[in-house]
Amino acid sequence: MDFSFSDEQQILKQTVREFAEKEILPVRQELDEKEEFSYEITQKMFDMGFFGIVIPEEYGGMGMDYLSYILVVEELARVDGCQAATIAAGNSLGTAPVYYYGNEKQRKEFLPQLLSSKLWGFGLTEPNAGSDAGGTQTTATQKDGKWVLNGSKIFITNASTNITLGSTIQTLTGKRKDGKKEYTCFLVKQDRPGYKAVPMHKKMTWRSSNTSEIYLDDVEVSDEDMLGKRGEGFHQMLESLDNGRLAIAAMGVGGAQGAFEAAFKYSQERNQFGRPISKFQVNSFKLADMATEIEAARNLLYKACWLRDNGKPFSKEAAMSKLYASEVMKKVTHEAVQLYGGYGLMEEYPVAKFYRDQRLLEIGEGTSEIQRMVIQRKLEL
Amino acid sequence: MNILVFVKRVPDTESKIRIDQQSNSIIKEGLNFIISPYDEYAMEEALRLKEAQGGKVTAVSVGTKENQVILKKCLAMGADEATLIKDDAGETYDSLRVAKLLAQAVKQKFTEPHLLLFGKQSVGADNAQVPSMVAELLGMPQANVVTKLEIEGNKGTAYREIEGASEKVSFSLPAVVSAQKGLNEPRYETLKGIMMAKRKQIPELSLQDLGMKEEDLSPQLEVVRMDAPPPRKAGKVVEDEPPQAAKKLVEFLCQEAKII
């Protein structure tokens with residue numbers, strides 16, 4: 001077993017950490033308070049090469065391994081889950097499906113833009129199809145050699161910014177031969193007539209990331225806009241979520257680390273009963289547990305990445321990793337707020353935001369309940 | 001313009017340093033190592049000069065194989081080449097040893113450099129001697145602790161930070177310049193840069209390659225003892241009504257602290 005990072009991974013981790021601390025940290029609270037998506041930071045992240053980290057260089061990507069991608073997300077989430085979310089969604093759900101399932105023409109058309117300056121959404125979830133993704137109601141019907149899309153999508157990250165180019169839309173295209181529903185994905189540009197993407201506001205979590213509703217009202221697309229083949233949509237979405245889970249786990253590990261570091265520092269500075277509160281065993285044990293669980297979550301995540309990077313099955317470990325890291329961050333942010341006491345309840349201090357941003361991780365890209373379903377299925381109960 | 005930048009691998013400035021009293025050295029286990037921050041300013045300045053005027057930037061480091069990481073970092077920032085002068089002696093705190101190695105390498109292996117850039121000092125050892133020693137050994141003009149640098153043709157102008165003022169010096173090239181904080185804001189390595197650096201080879205030079213023997217580098221300095229700085233004493237709080245407190249404070253500053 002070799003737990004050491006390559007030279008490149010070390011350099012990467014350090015440069016992302018510096019970037020996050022210098023470019024994001026100073027504006028983190030303000031963006032969160034204003035519920036504002038930062039175009040400036042997003043462009044800087046494009047310039048750093050944070051979009052398309054695992055896409056091969058011949059398509060303008062960075063050609064790095066999956067662990068490198070995960071390190072980027074982890075380091076961003078250590079400072080701000082919202083910017084990490086833009087990157088996690090940008091890579092796992094934006095560029096990845098276009099690269100993995102798109103044809104040469106689609107790759108050449110979209111990837112150069114999606115790696116340098118444009119965002120792309122992943123339209124799976126619907127108002128009536130959350131955990132039950134098979135309940136998709138958006139339809140694509142054939143009419144005069146075209147496909148006509150109708151329906152709506154909800155909670156779609158990166159789908160309604162000024163720099164969004166469009167979204168991958170999963171639709172119901174009829175029934176398969178075996179009688180089951182047939183799903184097909186389309187790459188839909190947002191300038192199509194009848195396509196409307198609207199930002200969702202008043203969020204409790206991930207407030208400076210872009211979350212959207214998409215309305216499709218007789219949107220016409222052609223066979224050329226189909227992603228992969230007809231009927232492959234469900235599989236494409238599930239596979240994308242397998243990959244995406246690793247990035248959500250990275251947000252859990254990074255976010256927990258950020259909250260832990262804040263609480264660790266604060267507990268040494270805060271005096272009560274004549275000494276730093278870190279000197280009380282009840283608190284030092286808390287910190288010991290936090291550090292232990294973060295390390296365990298990190299190791300599980302890196303192991304899952306190692307499996308993926310070595311071409312081995314990883315979907316069970318990805319689900320375990322997402323589940324565990326989300327719940328570790330829950331516990332860590334809970335205790336971090338506890339260590340901060342009354343100040344932990346104030347937005348002026350950093351732990352409140354970590355506490356709120358954690359909440360999404362148990363819900364997005366498959367709830368914790370769905371992760372447990374995936375895991376128990378893999379255990380072949 | 002041909003620019004050489006000399007970089008050192010040092011413990012992360014954020015790490016907690018522990019000392020091994022037996023070997024009079026710091027305990028390396030568990031430490032994170034980085035490029036010395038002042039060297040990063042030097043590297044950034046070299047890249048900016050190259051971007052403005054063309055030329056080649058080469059990063060050079062003395063040390064063990066572990067220094068590869070900081071040299072790769074320099075390549076990722078945009079250096080064209082990097083060379084490791086392999087010296088397994090580790091941290092000797094002997095500035096002259098390093099300066100001799102560097103001067104010899106410049107003479108033997110790097111053709112006609114125009115500018116030799118250093119950080120003003122390494123963090124950790126903090127001797128601030130190597131740049132001046134290399135300049136002396138090579139007979140080059142030097143400008144140290146520089147916060148602004150201009151190069152025009154064969155002439156250089158540097159603004160040096162000195163006590164309470166800034167000093168403007170001009171010199172001819174080739175020259176040695178050492179960078180102070182404020183010279184520039186170093187760039188981040190982009191992911192593209194990191195991947196490009198991965199493909200580059202970092203040649204190694206041994207003492208033999210430089211035509212040197214261990215005797216040529218006999219130690220000029222011995223570390224006799226190393227101690228952690230004493231913990232800071234607790235501050236004094238003057239408690240009283242403002243007029244009386246001011247009086248007590250002045251008394252303290254004059255008589256006890258003897259600052260005024």
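In what follows, chains are A, B, ... by sequence order, proteins preceding strands, each numbered from 1. What's counted below: heavy atoms across the whole structure, side chains too, no hydrogens, waters or symmetry copies. As the structure is a prediction and not an experimental result, all values here were calculated from the model.
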Heavy atoms of other groups near A/Lys13 NZ, more than 12 under 6.0 Å
yes

Would you compute the distance between atom CE of B/Met195 and atom CG of A/Leu12 and round it to the nearest 0.5 angstrom?
10.0 Å

Listed once per pair and sorted, the ring pair (Phe, Tyr, Trp, His ring centres under 6.0 Å) pairs that draw on residues 26-76 of chain B, sequence neighbours left out
none

Tell me whether the count of non-hydrogen atoms from other residues, nucleotides or ligands lying under 6.0 Å of NZ in A/Lys303 goes above 12.
no

Where the side chain of A/Thr15 meets the backbone of B/Glu189, is there a donor-acceptor pair that is under 3.5 Å apart?
yes

How about B/Met196: does its CE atom have over 12 heavy atoms from other parts shown lying under 6.0 Å from it?
no

Spacing of CD belonging to B/Glu40 relative to CD belonging to A/Glu18, to within rounding of 0.5 Å:
5.5 Å

Take a 6.0 Å sphere around NZ of B/Lys198 and say whether it holds more than 12 heavy atoms from other residues, nucleotides or ligands.
no

Structural part of B/Glu185 lying under 4.5 Å from a heavy atom of chain A
side chain

Portion of A/Glu8 that has a non-hydrogen atom of chain B nearer than 4.5 angstrom
both

Can you establish whether the number of heavy atoms outside B/Gln201 located under 6.0 Å from its atom CD is more than 12?
no

Chain A interface, residue from B/Lys72, B/Lys192, B/Lys73, B/Gln68 that has the most non-hydrogen pairs under 4.5 Å:
B/Lys72

Kindly compute the distance separating CD1 (B/Ile202) from CG (A/Asp7), expressed to the nearest 0.5 Å.
8.0 Å

Would you say A/Phe264 has more than 12 foreign heavy atoms packed within less than 6.0 Å of its CZ?
no

To the nearest 0.5 Å, atom CZ of B/Arg187 lies from atom CE of A/Met48 at 12.0 Å

Looking only at heavy atoms and a cut-off of under 4.5 Å, which of B/Leu191, B/Asn32, B/Thr190 has the most pairs with chain A?
B/Leu191

For A/Glu23, which atoms come within 4.5 Å of any heavy atom of chain B: side chain, backbone, both, or neither?
both

